[in-house]
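FYI, side chains are in, hydrogens and waters are out, and symmetry mates aren't considered; it's all heavy atoms of this structure.
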Amino acid sequence: MNRYYTQPFSLRALTDGEEHPKCSIQQSIAQRIHLILITSFDEFRYDTTFGCLIWEHDFENMPNVTAWKDKMSKAIKEVVQR
């Protein structure tokens, strides 16, 4: 049963009086996690903690790839739990 709105919202559809597409809870959660992961901190002005640490370390010089992977894994887990 599709009861949740898809992301991103279609402003055109809403202003044209169309119903916004809906999705399942699984799809809604996946879309929200995706949005968190592609957003850097301070990008969303109403919640500066919304986003992910990945973008601050995207082009970082990594002498130890394993340590970097562990750091990113921990950061992703924390932000999704929050």
Between the OH atom in Tyr4 and the CD atom in Gln26, the distance rounded to the nearest 0.5 Å is 9.0 Å

In terms of hydrophobic clustering (I, L, V, M, F, W, Y; side-chain heavy atoms under 4.5 Å; direct or indirect links), are Ile36 and Tyr5 co-clustered? no

Has Glu18 got more than 12 heavy atoms of other residues, nucleotides or ligands less than 6.0 Å from its CD? yes

Without hydrogens or angle criteria, can the side chains of His20 and Thr6 be said to hold a donor-acceptor pair below 3.5 Å? yes

Path from Ile29 to Phe50 over hydrophobic side-chain contacts below 4.5 Å: yes

List the atom of Ser28, the atom of Cys23, and the distance in Å for their closest heavy-atom pair. N-SG, 3.7 Å

Could you tell me which residues satisfy side chain to side chain donor-acceptor pair (under 3.5 Å) with Gln7, sequence neighbours excluded, listed by chain and number? none

Would you mind listing every ring pair (Phe, Tyr, Trp, His ring centres under 6.0 Å) that reaches into residues 60-82, with sequence neighbours excluded? none

More than 12 non-hydrogen atoms from neighbouring residues, nucleotides or ligands closer than 6.0 Å to CZ on Arg82, yes or no? yes

Atom pairs and distances, donor-acceptor, side-chain atoms in residues 73-81, under 3.5 Å, two or more places apart:
none

In Å and rounded to the nearest 0.5 Å, what is the NZ to CG distance from Lys69 to Asn64? 10.5 Å

Residue set satisfying side chain to side chain donor-acceptor pair (under 3.5 Å) with His34, at least two apart, ordered chain then number -> none

Which ILVMFWY residues are connected to Val65, directly or by a chain of links, through side-chain heavy atoms under 4.5 Å apart? none

Distance-only criterion, 3.5 Å: show the donor-acceptor pairs between side-chain atoms of residues 37-48 and protein atoms not counting sequence neighbours.
{"from": "Thr39", "atom 1": "OG1", "to": "Leu35", "atom 2": "O", "distance (Å)": "2.6"}
{"from": "Ser40", "atom 1": "OG", "to": "Glu43", "atom 2": "OE1", "distance (Å)": "3.2"}
{"from": "Glu43", "atom 1": "OE1", "to": "Ser40", "atom 2": "N", "distance (Å)": "3.0"}
{"from": "Asp47", "atom 1": "OD1", "to": "Thr49", "atom 2": "N", "distance (Å)": "3.1"}
{"from": "Asp47", "atom 1": "OD1", "to": "Thr49", "atom 2": "OG1", "distance (Å)": "2.6"}

Establish, from distance only, whether the side-chain atoms of Gln27 and Ser24 form a donor-acceptor pair under 3.5 Å. yes

